[in-house]
Amino acid sequence: MRIRSFFISRRYTVSGFIIALLLSALVLMSLRVKHRRGVEFFDAFLMELFSPFQSGSTFVIKTIRKGFQQYFFLVNLQRENAFLKKQISDLQQKNHQLHETSLAYGRLKQLLHFREEISFSVIAAEVIGQDSSSWFKSVTINRGERDGIQKGMAAILPEGVVGQILKTAPTHSTVLLITDYNSDIDSIVQRTRAKAIIEGMGENRCLMKYLLRSEEVIPGDIVITSGLGGKFPKGLVIGEVKTVDRKGHGIFQYAELVPRVDLTKLEEVLVITEASPPLPVENEKGKKVKNKK
Amino acid sequence: MRRIFPPLLVGILFLSIQCTLLALFPVQRIRPDLVLILILYLSFSYPPVSGGILTFIMGYLMDLFSGNSLGLYTFTRPCIFYGAQFFKRYFYLESFSSQFLFVSIFSLVEGLLILLLLTAFHPHSVHNLYLLFFTSFIPQSFFSGLITPMFFSLFNTGLRYLFPQTGMEVREGGQI
């Protein structure tokens with residue numbers, strides 16, 4: 001009898017544990033929905049704890065890739081004489097190093113120029129990891145609250161908009177890319193000044209929503225940020241219209257947008273840390289819009 | 001502790017690989033979900049309490065490094081773990097095809113569960129994800145299943161090394 005009651009109670013204990021575990025996951029989910037503070041602190045703490053694994057992994061991969069790129073071409077030269085082999089090895093090594101330095105220099109120079117040109121203050125950050133799942137589109141960067149980064153700040157590149165800060169930890173943050181289904185940006189078609197909302201579609205594509213059917217939009221049109229909402233300064237390029245869908249009824253038409261930035265190959269981003277006056281842009285009649293401070 | 005920490009470390013390692021090395025794949029649609037493979041293996045070889053805690057932590061970490069702001073994986077990963085535990089008696093994980101099917105099916109089930117939860121929380125903005133389910137998630141599930149036998153065999157070796165006397169490993173009929 002005792003043994004039987006022991007097994008019954010143990011079974012109930014395990015079932016109770018399973019229910020409690022799943023309930024706590026649901027509670028966590030509901031806490032996040034309501035944006036309560038307690039979970040954010042815990043998230044930041046854990047993110048800080050586990051981000052070094054990603055940084056370490058990225059470092060190892062970059063080192064291996066660099067080594068592979070440097071020595072891969074030497075495999076077929078094994079049979080040639082030692083002197084030429086060494087000379088070629090040295091030259092190739094130098095060439096690869098110079099090429100890599102040149103690429104990095106080009107990227108950084110472009111970022112620096114852009115930084116000098118723009119009126120708002122930005123922080124440069126390195127991408128240390130991609131999203132862990134296929135459903136969502138985000139990247140982890142090596143800058144956080146200690147560098148002045150806060151939730152909702154815009155992440156950009158000279159080519160265009162990248163996304164916005166979703167989560168922050170003291171030294172790391174997560175950037176929600178514009179291709180994520182959760183991302184919404186207020187935008188304007190540069191040529192016609194037609195207003196629309198840009199929503200992520202996943203797989204490096206965005207959807208233009210709430211675009212009035214009466215507006216003329218054609219493939220190739222450039223779409224820029226409207227400046228409304230306060231997160232993104234006005235006039236930043238989001239992407240280019242690829243296709244326009246006028247089928248069906250209703251007052252709106254839809255368009256597919258290709259982001260200007262190749263979000264699959266992000267290495268660095270600039271995070272806008274300080275709000276600024278909107279960039280001067282022309283309105284639909286070609287007149288300059290005055291900046292209001 | 002000995003039962004919790006080694007798989008947790010493997011989970012963190014897999015998560016790091018998933019976020020860095022596998023993200024470099026030119027074709028993102030075939031990026032396999034290594035953490036899910038580990039969790040499904042644990043469902044066969046770990047008891048409900050320690051396994052549940054492990055999958056909960058791994059789900060939480062998945063949420064941290066993803067654009068998902070709701071914490072879906074913290075819920076879906078334990079669900080998948082217990083679901084797999086419930087159905088494990090119906091699977092014979094000896095052959096390549098059964099291991100492949102087991103992981104592919106549960107990967108798809110998790111995808112559907114995520115879609116269901118997202119539809120419940122964001123009914124207006126998830127229509128794009130339905131397309132993603134077919135174009136990205138089904139190929140991903142397929143490739144996760146494809147590499148499963150290799151990982152199951154590695155996990156078996158690891159468990160044999162960690163627990164030499166208890167003989168915890170996946171055997172025929174899902175027995176441990």
Side-chain angles (χ1 to χ4, degrees), chain A residues 13-15 17-18 21-22 24-26 28-33 35 39 42-44 46-47 50-51 53-58 60-62 65 128-140 163 166-167 169 174-177 180-184 199-205 207 264, chain B residues 12-13 15-24 26 28-29 31 33 35 47-49 52-53 55-57 59-79 81-82 85 111 114-115 117-118 121-122 125-129 131-133 135-137 139-140:
Chain A
T13 311
V14 171
S15 312
F17 174 82
I18 293 171
L21 193 78
L22 294 179
S24 57
L26 281 173
L28 273 173
M29 214 186 286
S30 68
L31 282 176
R32 284 199 170 97
V33 171
H35 298 291
V39 186
F42 197 58
D43 280 0
L46 280 179
M47 204 169 162
F50 292 106
S51 291
F53 284 97
Q54 278 196 4
S55 303
S57 184
T58 306
V60 170
I61 289 161
K62 277 186 178 173
R65 197 203 260 175
I128 60 158
Q130 305 275 337
D131 202 299
S132 53
S133 79
S134 299
W135 290 105
F136 310 99
K137 305 290 168 194
S138 69
V139 292
T140 310
L166 178 73
K167 298 171 195 167
T174 305
V175 180
L176 184 77
L177 302 180
D180 189 281
Y181 84 100
N182 263 320
S183 168
D184 282 317
E199 191 183 272
M201 286 176 78
E203 298 215 271
N204 221 25
R205 290 280 184 279
L207 181 72
T264 57
Chain B
I12 293 166
L13 180 75
L15 185 64
S16 302
I17 290 172
Q18 213 160 296
C19 293
T20 51
L21 186 66
L22 296 185
L24 295 173
Q28 281 297 301
R29 290 174 189 181
R31 184 172 65 153
D33 194 338
V35 183
V49 176
I53 293 169
T55 49
F56 184 86
I57 297 170
Y60 199 101
L61 292 177
M62 277 281 286
D63 283 326
L64 274 186
F65 295 103
S66 120
N68 151 35
S69 54
L70 289 170
L72 296 171
Y73 287 106
T74 317
F75 179 70
T76 58
R77 292 278 139 124
C79 282
F81 173 79
Y82 290 122
Q85 277 216 326
I114 287 174
L115 263 186
L117 287 167
L118 285 174
F121 287 114
H122 290 276
S125 55
V126 288
H127 55 274
N128 294 329
L129 290 181
L131 185 68
L132 206 65
F133 183 81
T135 58
S136 180
F137 206 71
Q140 191 195 338

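Just so it is clear: chains get the letters A, B, ... in the order the sequence lines come, proteins before strands, and each one is counted from 1. Bear in mind that the values here come from a model prediction, so they are computed numbers and not experimental data.
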Contact class of B:I12 relative to chain A, heavy atoms under 4.5 angstrom: side chain
I'd like to know which of A:L207, A:L26, A:T58 tops the heavy-atom pair count under 4.5 Å against chain B. A:L26
About how many Å separate OG of A:S132 and CD1 of B:I17, when rounded to the nearest 0.5 Å? 13.5 Å
Greatest number of heavy atom pairs closer than 4.5 Å to chain B - which of A:G56, A:S51, A:S24: A:S51
Supply the atom-to-atom distance B:Q140 CD to B:T135 OG1, rounded to the nearest 0.5 angstrom. 11.0 Å
Under 4.5 Å from any heavy atom of chain B, what part of A:T174 do you find: side chain, backbone, both or neither? side chain
If the condition is salt bridge (Lys or Arg N to Asp or Glu O under 4.0 Å), which residues does B:D33 pass it with, not counting sequence neighbours? B:R77
Would you please test B:F75 and A:L28 for side chain to side chain contact (heavy atoms under 4.5 Å, CB included) and show each step? CA-CA 9 Å; B:F75 179 70; A:L28 273 173; over 6 Å; no
Using non-hydrogen atoms only, which part of A:L22 is less than 4.5 Å away from chain B: side chain, backbone, both, or neither? both
If you take the centroid of each ring, where Trp contributes its six-membered ring, are A:W135 and B:F137 closer together than 6.0 Å? yes
Tell me, side chain or backbone of A:L176 under 4.5 Å from chain B's heavy atoms, or both, or neither? side chain
Pick one of side chain, backbone, both or neither for B:F65, based on which atoms fall under 4.5 Å of a heavy atom in chain A. both
I'd like to know which of B:C19, B:C79, B:G111, B:G59 tops the heavy-atom pair count under 4.5 Å against chain A. B:C19
For B:L15, is it the side chain, the backbone, both, or neither that has a heavy atom closer than 4.5 Å to a heavy atom of chain A? side chain
Look at B:L117, B:T20, B:V35, B:L72 and state which one has the largest set of heavy-atom pairs under 4.5 Å with chain A. B:T20
What part of B:L61 gets closer than 4.5 Å to chain A, counting heavy atoms only: side chain, backbone, both or neither? side chain
How many angstroms lie between atom CD1 of B:I57 and atom CE of B:M62, to the nearest 0.5 angstrom? 15.0 Å
To the nearest 0.5 angstrom, please state how far the CD atom of A:Q130 sits from the CD atom of B:Q18. 12.0 Å
Residue selection (most heavy-atom pairs with chain B, distance under 4.5 Å) from A:D180, A:T140, A:L46: A:L46
Side chains of B:Y73 and B:S66, donor plus acceptor under 3.5 Å: no
Counting only non-hydrogen atoms closer than 4.5 Å, does A:I128 touch chain B with its backbone (N, CA, C, O), its side chain (CB onward), both, or neither? backbone
Under 4.5 Å from a heavy atom of chain A, the part of B:F81 involved: neither
Under 4.5 Å from a heavy atom of chain B, the part of A:F17 involved: side chain
Hey, could you give me the CZ/CG distance between A:F136 and B:L118, rounded to the nearest 0.5 Å? 5.0 Å
Distance (rounded to the nearest 0.5 Å) between A:N182 CG and A:L166 CG: 7.5 Å
